[in-house]
Amino acid sequence: MNRVRFAPSPTGLLHIGGARTYVFCWLFARSTGGQLVLRIDDTDAGRNTQESLRSILDGLEWLELPWDEQHYQSERRPIHVRAAEALLAKGVAYRDFTAEGAAEAERGEGGPWLFNPGMRDLGAIESDRRASSGEPFVIRFRVPREQPGGVGFKDLVFRKHFRRFADIEDFALLRANGHPTYHLASTVDDGEMGITHVIRGQDHLTNTFKHILLLQAMGFDRPSFAHLPLLLGPDGSKLSKRRHGPIVSVTNYRDMGFLPAGFMNYLSLLGWSPKDNREVLTVEQLVDAFRIEHVLRTNAVVQVGEKPGETQVDPKAVWLNGQHLRSMPPAQLLPYVEAYFRGSGWWRDEFSGARREWFLEAIDALRSRLNLLSEFPVRCRAYFHDDFGFEPKALANLDRDGVRDMLRELAARIERAPDFTEQSVEHELRMLSAEREVKAGLLINGSRAALTGQPVGPSAFRVFTLLGKDRVVARLRAV
RNA sequence: GGCGCUAUCGUCUAAGGGUUAGGACAGAGCCCUCUCAAGGCUCAGAUCGGGGUUCGAAUCCCCGUAGCGCUACCA
């Protein structure tokens with residue numbers, strides 16, 4: 001069975017790029033009947049923050065794409081240290097006593113740095129002596145650079161890659177402070193957790209040579225690798241919070257009113273497509289269509305807003321979300337709307353209780369003009385509450401010749417009428433407009449304005465029935 | 001600097017030797033219509049440059065250019 005892992009490090013908020021990687025990992029695991037491991041790669045104690053961890057967990061939970069296992073790498077430190085020591089004992093790794101930063105100073109403009117002189121060949125006795133005397137050291141992997149040949153692998157996305165042993169540097173395994181490096185912790189865990197597919201950002205492509213070397217030295221089976229193209233900002237630089245603002249944070253999309261399915265659909269189309277022109281896809285359809293081999297090698301630009309103070313998201317993401325908002329069965333949409341209403345202090349328990357059916361109808365009537373959940377509270381207050389304001393254009397509709405007077409008359413007639421349906425209301429309204437010799441549109445738009453405070457919205461007659469007879473009469477009278 | 005990856009409308013992408021280079025978002029317009037949306041239709045818009053190979057190249061090869069990544073005791 002396939003075992004995939006998503007391994008974020010809590011050194012920054014979960015952003016779109018990380019979420020896209022997660023989506024692809026999840027899609028791959030699901031579509032192949034495999035499992036997904038969430039591993040928090042928190043080996044860099046100095047840079048980890050609780051806020052980042054919160055952001056990652058909150059963001060991933062919001063996506064509603066569950067993982068099967070969860071681990072914290074920091075809790076596995078003894079295992080990593082033991083692995084490094086085992087490699088040292090086998091002679092596959094060695095102690096490097098060079099002071100931190102010294103190598104960098106010596107490097108100069110010449111070729112790439114490969115190892116620190118003298119350290120590879122330090123005798124075991126000398127090495128042990130210096131270590132036990134308390135001299136700080138880092139443990140490095142001894143790349144078999146004297147051997148011909150090199151490391152090759154076939155990436156599921158980026159195809160064949162090869163690098164000679166002689167060109168791979170002796171990377172660090174254990175830092176002077178005793179903490180494992182990313183390379184060590186990651187490969188040890190991938191090996192021990194039985195990871196079969198490593199799916200990650202393209203920025204790790206060239207690290208893969210090192211990881212294969214390490215995996216082999218430790219006797220683990222080699223997993224398959226799939227590297228994903230990167231996500232760029234409109235300026236062409238790698239997406240980051242520092243450069244592109246808080247808009248790249250996943251929780252921001254949640255707060256903005258995205259549906260998990262809509263957001264996930266958007267992310268899935270960055271660097272991948274089902275090849276058949278379909279774009280609006282449910283989670284199930286995505287699972288069905290996803291092929292890791294179809295992932296592109298080209299970086300994708302995410303249209304996030306650059307203007308300061310203006311949070312602008314990719315218009316296509318908004319549109320895609322609107323598609324999901326409109327096509328999802330209302331009952332399925334209800335919990336999301338509820339969460340949003342609660343967030344703005346608008347919720348009433350009757351919406352999911354006594355008036356549930358009515359609430360679902362209202363949502364259904366309103367959603368065709370919305371793309372984000374956040375628009376419900378902003379644009380639909382009059383449908384759910386009796387205190388609402390009037391927009392200038394709505395007032396203008398009421399101020400037209402005799403409209404207010406006619407609306408009050410309409411209220412009286414509606415109150416008297418035996419029926420209260422879209423048809424009966426339309427009948428009353430058209431009768432009245434005919435009598436007064438005015439266009440029906442005048443009263444129709446006036447009614448909408450009086451009932452909702454807005455010049456725009458669903459069909460006016462739909463608004464009547466949505467609000468119910470009592471409210472309609474009261475609001476028409478009040479103009 | 002070294003090593004590597006990539007290059008199709010503004011953006012996301014399809015076509016992988018033969019198509020008027022297709023779709024979607026955004027833009028313009030029309031239809032529908034009680035408004036606004038939604039929906040339908042139409043328009044505009046691209047193969048980075050130069051060489052090859054070939055009857056034929058967006059597609060294969062080479063060179064250039066640009067972008068990105070890696071080149072840490074970050075991940």
Side-chain angles (χ1 to χ4, degrees), chain A residues 7-12 41-44 46-48 96 98-101 103-104 107-114 136-140 155 157-159 161-164 167-169 171-183 185-186 200-209 227 229-230 232 234 236-238 266 269-280 296-303 314-320 322-323 326 366-371 379 393-394 397 426 429 439-449 454-461 463:
Chain A
S9 46
T11 55
D41 277 10
D42 52 354
T43 50
D44 188 359
R47 296 203 306 153
N48 295 335
D96 181 343
T98 311
E100 185 176 358
E104 203 171 303
R107 200 179 313 180
E109 299 92 52
W113 173 89
L114 290 171
F137 61 86
V138 47
I139 295 182
R140 290 187 183 282
D155 190 89
V157 174
F158 281 87
R159 309 197 267 212
H161 288 267
F162 178 83
R163 180 169 284 183
R164 295 184 309 159
D167 294 330
I168 302 172
E169 72 272 16
F171 54 96
L173 265 23
L174 210 61
R175 301 176 187 135
N177 65 9
H179 286 259
T181 63
Y182 159 74
H183 299 301
S186 178
R200 66 215 326 186
Q202 193 221 98
D203 42 351
H204 289 296
L205 187 65
T206 47
N207 283 332
T208 305
F209 300 107
H227 288 86
L230 300 177
L232 273 23
S237 70
K238 192 175 150 184
Y266 169 67
L269 261 17
L270 260 16
W272 174 84
S273 84
K275 309 277 187 198
D276 57 9
N277 279 348
R278 283 185 302 162
E279 296 204 298
V280 182
L296 302 177
R297 276 166 241 115
T298 52
N299 295 341
V301 173
V302 174
Q303 293 295 106
D314 196 323
K316 189 156 185 172
V318 175
W319 172 80
L320 223 26
Q323 294 294 314
R326 280 185 282 284
L366 293 165
R367 63 178 172 166
S368 81
R369 57 221 92 219
L370 309 179
N371 285 319
R379 294 174 51 185
K393 280 184 180 174
N397 285 345
E426 179 165 7
L429 185 143
K439 283 186 178 172
L442 199 65
L443 289 184
I444 288 172
N445 290 327
S447 305
R448 185 185 294 103
Q454 294 174 318
V456 301
S459 155
F461 304 117
V463 175

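Each chain gets a letter, A, B and so on, in the order its sequence line appears, and its residues count up from 1.
For K316(A) and rA24(B), a side-chain-to-base donor-acceptor distance below 3.5 Å is present, hydrogens and geometry of angles not being considered. Scanning atom types as modelled, no donor and acceptor separated by under 3.5 angstrom connect the side chain of Q303(A) and the base of rG10(B). Side-chain N/O atoms of N207(A) and base N/O atoms of rA75(B) include a donor-acceptor pair closer than 3.5 Å. Between the side chain of R140(A) and the base of rC73(B) there is no donor-acceptor pair of N/O atoms closer than 3.5 Å.
For rC70(B), the paired nucleotide is rG2(B), the pair qualifying as Watson-Crick or G-U wobble because both relevant distances are below 3.5 Å. rC55(B): Watson-Crick or G-U partner is rG18(B), with both key distances under 3.5 Å. In this entry rG27(B) has rC43(B) as its Watson-Crick or G-U wobble partner, both defining distances falling under 3.5 Å. Base pairing analysis places rC48(B) opposite rG64(B); the two distances defining the Watson-Crick or G-U wobble pair are each below 3.5 Å.
Within 4.0 Å (heavy atoms only), H204(A) reaches at least one base atom of the nucleic acid. Contacts of A460(A) with the nucleic acid, taken as non-hydrogen atoms under 4.0 Å apart, include base atoms. Within 4.0 Å of L296(A), counting heavy atoms only, lie sugar-phosphate atoms of the nucleic acid but no base atom. Counting non-hydrogen atoms under 4.0 angstrom, S186(A) reaches nothing in the nucleic acid. N299(A) comes within 4.0 angstrom of the backbone, heavy atoms only, and of no base. At the heavy-atom level, F171(A) lies nowhere under 4.0 Å from the strands shown.
Closest to the side chain of R159(A), out of rC12(B), rG2(B), rU6(B), is rU6(B). Residue L230(A) has its side chain nearest to rC68(B) when only rA72(B), rC68(B), rU13(B) are considered. Listed nucleotides: rC5(B), rC34(B), rC12(B). Nearest to the side chain of I444(A): rC34(B). Distance from the side chain of R163(A) is smallest for rC3(B) among the nucleotides rC5(B), rC3(B), rU13(B). In this structure, the nucleotide among rG4(B), rC12(B), rC34(B) sitting nearest to the side chain of Q202(A) is rG4(B). Between rA75(B), rC34(B), rA24(B), one nucleotide has an atom nearer to the side chain of R47(A) than all others, and that is rA75(B). Taking only side-chain atoms of A176(A), from C-beta outward, the nucleotide of rC73(B), rG23(B), rG69(B) with the closest atom is rC73(B).
Separating the C1' atom of rC55(B) from that of rG50(B) is a span of 23 Å, rounded to the nearest Å. rG22(B) and rC61(B) are spaced 27 Å apart, taking the C1' atom of each and rounding to whole Å. Using C1' as the reference atom, rA14(B) and rC25(B) are 15 Å apart when rounded to the nearest Å. Rounded to whole Å, the C1' atom of rC60(B) lies 25 Å from the corresponding atom of rC3(B). Comparing the P positions of rG67(B) and rU53(B) gives an interatomic distance of 31 Å, to the nearest angstrom. To the nearest whole angstrom, the two P atoms, one in rC43(B) and one in rG23(B), are 10 Å apart.
Dashed line: the shortest gap from a side-chain N or O of K238(A) to OP1 or OP2 of rG69(B) is not under 4.0 Å. In this model, the phosphate group of rC73(B) is not approached by any side-chain N or O of T181(A) to a distance below 4.0 Å at OP1 or OP2. Residue S237(A) places none of its side-chain N or O atoms closer than 4.0 Å to OP1 or OP2 of rG67(B).
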B/S/- contact track for nucleotides 36-46 of chain B, protein heavy atom under 4.0 Å: BBSS-------
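Evaluation of the ring-ring contact (aromatic ring centres under 6.0 Å, His included) rule for H183(A) yields F171(A), H211(A) as partners, not counting sequence neighbours. A search for ring-ring contact (aromatic ring centres under 6.0 Å, His included) contacts involving F137(A) returns F97(A), not counting sequence neighbours.
When each of A317(A) and N177(A) is assigned the nucleotide of RNA chain B with its nearest heavy atom, A317(A) is the one assigned upstream, toward the 5' end.
A donor-acceptor pair shorter than 3.5 Å cannot be found between the side chains of R163(A) and T208(A).
Taking the charged nitrogens against the carboxylate oxygens, K316(A) and D314(A) have no contact shorter than 4.0 Å, which rules out a salt bridge.
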